[in-house]
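First up is the structure itself, then whatever we jot down about it.
Counting starts at 1 for both ligands and their atoms, in listed order. We're numbering straight along the sequence, starting at 1.
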Amino acid sequence: MKVLVVAGTSSGVGKTSVAVGLMSAYRQQGLIVRAFKVGPGFLDTISGPRIRIAVALDAAFNFYYNVNLRLLEEAGAEVVPFSPLTGPLPPDVAGLYLGGGCPEQHALQLAGNQAAMAGVKAFAEAGGVLYAECGGLIYLSQSIQPLNDLPASMVGVFPFRTHMTRDSMKTGYVEVVTQPACTLFPPGCTVRGHVYHYSEILQEHVVGGFSQGLTGTQGLGAKGWEAGYKARMEVEGAAEVAEGFTWRNVLGSYVHLHFGSCPRLASSLVKHCRQVDLSAVTAAVGKAQKQAMMATLRARSGQAKLPHVSSTSCLSGMPWEGRSSSSVTPSITPPRRFRRRHHDPRASLSAGDYTSGDSSPDDSDSGAEAGSLYVSHIAALQRAASVQSSPSPYWRSGGQQRSSRRTYRPRQHSRDPGLLPHHSSEAGMDDYAEASSQGSGSTPPGMHHAHGQHETLQHAWSQPPSPHASPPVSPESYAYHAASLLDPSQTRPHRRRRKQEATVARGLQFPPPLPQGPDADLTHDRQSLGSLPEGSGTTAHAGSSHNGRLNGLSHADSALPTDHQTAPLGHATSISGVHPAQGMHAEGWQRPGREAGGVHAGFGSGIDLWHLGVRRESDGYSGKSSPANAINSDGAVSATCQLPPEAAAVPRICPAAAAPSPIQDAATSQEQQQQQQQQQQQQQVDHRWLGNEQPSLVVAPESLHFTDHGPAPAAEVLQQAGLDIQQHAATLLILRPHSLSDALDSILWVGQAAGAMDEAGQLVGSLRGRLRAVAGAVAASSHRPRVLVLTATEPLCVAGWWVPDMLSLAGGQPCLQQPGCDPLETSWDQVRQIAPEVLILAPAGKGLDVACNMACSLAALPGWWALPAVRATRVFAYASSILCNPGPRLVDGTEALAQCLHPKLCKSSATLAGVLKLSLQSGQRCRHRNIAEHFKPLPHSSSS
Ligand SMILES: NC(=O)CC[C@H](N)C(=O)O
């Protein structure tokens with residue numbers, strides 16, 4: 001036995017790095033290496049008992065630097081593979097490593113595996129060490145929206161959402177410096193890595209926080225995370241950006257770090273794993289997973305077929321109860337194509353590496369490439385988890401013999417093989433050296449320069465790629481890249497099938513389960529809805545409230561999908577369901593093939609239909625190249641829909657609709673009550689129109705005001721009006737947005753129901769672009785004014801739901817309101833106490849005149865003239881359509897807000913036509929009843 005002593009003058013001088021490097025080099029020479037440590041800190045990570053770290057490995061997660069896994073092992077970890085697609089989280093793990101991959105390709109299955117999602121969330125909340133890169137980061141976000149699809153719910157540890165872009169690939173080397181806020185890695189480490197992704201973070205409700213670069217608890221409050229890294233693309237002029245989203249022991253990032261460039265990271269992760277209270281974490285995860293499974297099983301009872309999730313994956317979570325680690329086997333489904341094409345990789349394991357890619361004819365074939373990535377990681381993890389001795393049927397059924405020495409290179413980079421470090425290389429130090437030598441100084445394709453020190457990583461890395469740096473392959477080919485190799489059946493699935501899958505896997509089911517037991521409180525919302533016609537079902541709304549905002553799908557709601565074909569509806573198909581991420585609600589019955597045509601009716605949401613091109617051709621609004629042509633439908637909207645002027649001729653099917661608005665129904669004066677009664681009498685559904693036209697799609701809020709007895713569930717109202725949605729196989733789409741994100745999603749829902757998903761996707765994309773521009777414009781502001789948005793005076797009511805999102809995005813601080821919360825009643829004393837710097841008056845469903853009259857009532861109250869907003873004459877009247885109607889116009893409203901809050905930073909836009917400003921001189925007063933006369937159009941809007 002030969003002994004080599006590595007010594008140093010103090011800790012932190014690099015003993016471990018040198019030792020790990022030497023060990024690695026000796027191992028590669030075939031030597032058996034053992035590490036021992038002497039000295040005061042001898043109880044170090046290497047010599048302690050092995051700590052279990054679960055590593056996500058399946059078709060959705062498979063981008064890892066092998067050296068990372070090996071260094072974790074060498075630091076004392078046992079790597080335990082698991083599948084977020086099919087399995088629960090294995091028991092007794094202190095750490096969880098979610099690598100990169102293509103979760104967007106498996107979004108529905110991931111969202112359907114509630115046990116794993118609940119387990120991961122509970123794991124994070126209980127203090128488990130969770131490290132996630134790129135695909136893993138997506139999994140930890142609120143939701144992922146694949147291209148041209150509805151968002152699917154993800155774990156939701158981080159407050160932001162993610163979506164796939166079509167052509168905005170970001171790739172290249174990155175240098176990261178760890179910051180004090182980073183809980184898992186020591187500060188001051190310089191680490192190399194790379195980014196490689198099409199997805200982007202969406203942050204409709206936290207973007208204000210992002211842009212301000214807030215720090216400390218203030219920043220955490222606004223953003224829900226702190227920046228654990230400073231990161232910089234390795235290209236000239238690239239800005240340093242905040243990255244490494246840190247929350248408790250969770251670290252998520254777009255950067256794939258190469259631990260070989262700083263082996264201390266691996267030992268630090270393992271050290272933190274050792275500090276985890278394993279029994280508390282295990283208990284929390286076990287409980288959460290069990291609850292999710294029970295809810296799943298309850299929901300499934302009686303259903304014959306369960307798409308996506310096998311029953312074993314549900315039951316295999318039970319070991320959590322007994323905490324028996326041995327009974328859990330990783331459930332990794334081998335890709336079919338590999339079974340045919342690849343040999344037993346254990347042979348190559350003994351050969352020791354995958355480093356040098358020899359060229360076989362198949363090397364150009366992406367299947368072979370991703371295959372070798374997959375094989376390599378399976379092999380590495382099988383080895384790590386010591387399961388080689390029981391080879392899976394997959395290995396045995398290997399096809400033709402192929403070279404064992406293979407390297408994964410993403411197809412995109414075949415012209416520049418050195419661009420990315422070899423994911424599947426077994427020689428960590430080597431591939432780091434290779435990466436270092438080839439990476440620095442080069443400008444990888446798709447890279448773009450980021451400008452401005454204040455930009456966040458998202459902003460910087462979301463810049464449109466420069467024209468000369470177009471992605472080397474079409475995004476679609478990337479999008480399907482891994483999936484097509486790992487499971488050919490996933491490749492370009494038939495549109496119809498995808499649509500059905502989307503429907504079922506989002507928890508859209510029929511009949512929906514009734515929550516029971518601990519989830520019974522979730523029935524609250526549902527009971528308040530009343531019931532649908534006999535023989536039909538409703539779906540419970542997401543009712544779990546977190547910080548007062550609806551942000552999650554209850555287990556009962558999200559219960560597993562059921563098979564459409566088994567729904568007892570004869571010719572019709574249920575599309576009843578709940579938006580998994582945001583509590584959106586859709587229900588109805590859709591006849592196959594009918595969704596793309598027919599008449600559409602919109603109550604309160606007609607604006608979305610209009611924007612999606614659902615309009616009446618006979619009235620001359622089709623425009624041969626317009627989306628209307630594509631969906632070939634007629635349309636009609638309710639009287640209150642705020643359509644663009646050119647839509648004046650769209651038929652109105654009823655005088656008014658109960659559009660959702662952020663305004664609480666306030667106690668109103670007698671005069672107003674009479675007015676309301678009158679209105680309600682007029683608000684009768686046009687029975688004749690509905691009866692004659694029999695719309696195939698009706699978009700409505702939960703309840704409609706069209707009965708003699710006030711609001712009633714939409715389905716009932718429609719039935720009374722002669723439209724039995726079940727019988728006529730119509731679709732009733734009920735939208736209940738609570739946030740700006742929800743409002744954008746509702747456009748997608750409408751698009752999907754109307755067969756205009758592409759148009760919806762484009763519209764939402766352009767709206768998001770405008771929101772991003774607003775956030776970018778106000779990012780440079782040094783002050784975020786406190787803004788109060790009042791929607792009624794008797795009683796005083798503060799706007800809720802999406803309005804705080806809009807304010808935050810427009811560079812303001814919402815007063816007295818949290819994002820997503822219901823409208824809030826307040827007192828004048830409270831208003832005086834918070835002393836808003838900007839006051840916005842926006843009565844829901846009312847015009848600017850009513851808004852100005854609100855000022856008359858308020859100006860009569862004591863202390864009005866002393867309010868900072870009034871002294872600075874920063875009092876605005878807003879048309880309700882741009883603040884209160886959850887459609888595309890909220891983006892107009894956000895732009896208008898940004899202009900009012902930061903006039904110097906934001907360009908004027910026509911949307912300011914809906915805004916008036918108190919035009920008194922600073923310090924000037926007037927009689928309170930005259931104040932309405934002093935509201936004037938803003939200077940720059942008068943010209944528009
Ligand atoms: N590198 C990765 O993990 C990629 C994640 C995801 N497929 C994206 O394109 O964003």
Side-chain angles (χ1 to χ4, degrees), residues 55-66 68 84-85 97-110 131-149 151-152 154-155 158 160-174 176 192-202 231 233 243-245 251-258 366 369-370 373-374 377 408-413 419-424 435 444-447 457-458 461-462 465 471-487 490-491:
V55 175
L57 185 89
D58 54 21
F61 301 94
N62 41 41
F63 295 176
Y64 293 91
Y65 281 114
N66 280 357
N68 290 11
L85 280 171
Y97 184 177
L98 301 168
C102 295
E104 72 278 7
Q105 288 297 306
H106 305 272
L108 303 178
Q109 193 178 350
L110 287 168
Y131 173 64
E133 293 173 338
C134 201
L137 176 74
I138 292 174
Y139 188 54
L140 294 186
S141 73
Q142 296 287 324
S143 58
I144 171 73
Q145 187 198 338
L147 278 180
N148 293 336
D149 210 341
M154 294 283 111
V155 173
F158 289 118
F160 44 75
R161 296 139 46 92
T162 49
H163 79 147
M164 297 306 292
T165 64
R166 187 173 291 283
D167 49 17
S168 150
M169 202 241 286
K170 291 107 202 163
T171 186
Y173 289 117
V174 177
V176 159
R192 292 197 74 209
H194 76 274
V195 290
Y196 178 59
H197 59 104
Y198 275 99
S199 64
E200 268 177 6
I201 286 178
L202 294 170
M233 289 285 219
E243 234 267 3
F245 310 103
L251 173 61
S253 169
Y254 262 123
V255 185
H256 299 265
L257 286 180
H258 193 289
S366 57
E369 284 164 6
L373 169 71
Y374 192 86
H377 288 302
Y408 169 64
R409 291 194 187 105
R411 187 165 54 147
Q412 290 85 323
H413 304 289
L419 177 65
L420 293 175
H422 298 168
H423 291 241
S424 63
M447 281 277 295
L457 189 71
Q458 281 62 53
W461 292 357
S462 303
V473 292
S474 80
E476 227 192 8
S477 63
Y478 172 71
Y480 283 103
H481 187 59
S484 63
L485 304 162
L486 301 177
D487 180 1
Q490 293 279 328
T491 315

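- Neither the backbone nor the side chain of Met169 comes within contact range of ligand 1; no heavy atom lies under 4.0 Å.
- Heavy-atom distances between Glu200 and ligand 1 stay at or above 4.0 Å for every pair.
- Annotation: Tyr254 places no N or O atom under 3.5 Å from an N or O atom of ligand 1; distance criterion only.
- For the pair Arg166 and Tyr198, the NZ or CZ position fails the cation-pi test of under 6.0 Å to the six-membered ring centre and within 45 degrees of the ring normal.
- A donor atom on one side chain and an acceptor atom on the other are not found under 3.5 Å apart for Glu200 and Thr165.
- At a heavy-atom distance under 4.0 Å, only side-chain atoms of Phe63, from C-beta outward, approach ligand 1.
- Of the possible polar contacts, one joining the Gln142 side chain to the Phe158 backbone as a donor-acceptor pair under 3.5 Å is found.
- For ligand 1 and Met164, the ligand atoms under 4.0 Å from any heavy atom of the residue are 8 (C), 9 (O).
- Residue-ligand proximity: Gln105 is placed with every non-hydrogen atom at 4.0 Å or more from ligand 1.
- Without hydrogens or angle criteria, Asn62 side chain to Ala59 main chain gives a donor-acceptor distance under 3.5 Å.
- Any N or O atom pair closer than 3.5 Å counts here, and Gly135 shares at least one such pair with ligand 1.
- Defined by atom type and a distance below 3.5 Å, a donor-acceptor pair is present between the side-chain atoms of Ser199 and Tyr254.
- Considering each of Tyr139, Tyr198, Tyr196, the one bringing a non-hydrogen atom nearest atom 8 (C) of ligand 1 is Tyr198.
- Between the side chains of Asn68 and Tyr97, at least one donor N or O sits under 3.5 Å from an acceptor N or O.
- Checked against the 6.0 Å centroid criterion, the rings of His194 and Tyr65 qualify as a close aromatic pair.
- Under a 4.0 Å criterion applied to the non-hydrogen atoms of His197, ligand 1 contributes the atoms 8 (C), 9 (O), 10 (O).
- Counting the atoms of ligand 1 from 1 in the order shown, those under 4.0 Å from a heavy atom of Gly100 are 3 (O).
- Counting only heavy atoms from C-beta outward, the side chains of His256 and Phe63 approach each other to under 4.5 Å.
- Against a heavy-atom cut-off of under 4.0 Å, Ser199 is close to the following atoms of ligand 1: 8 (C), 9 (O), 10 (O).
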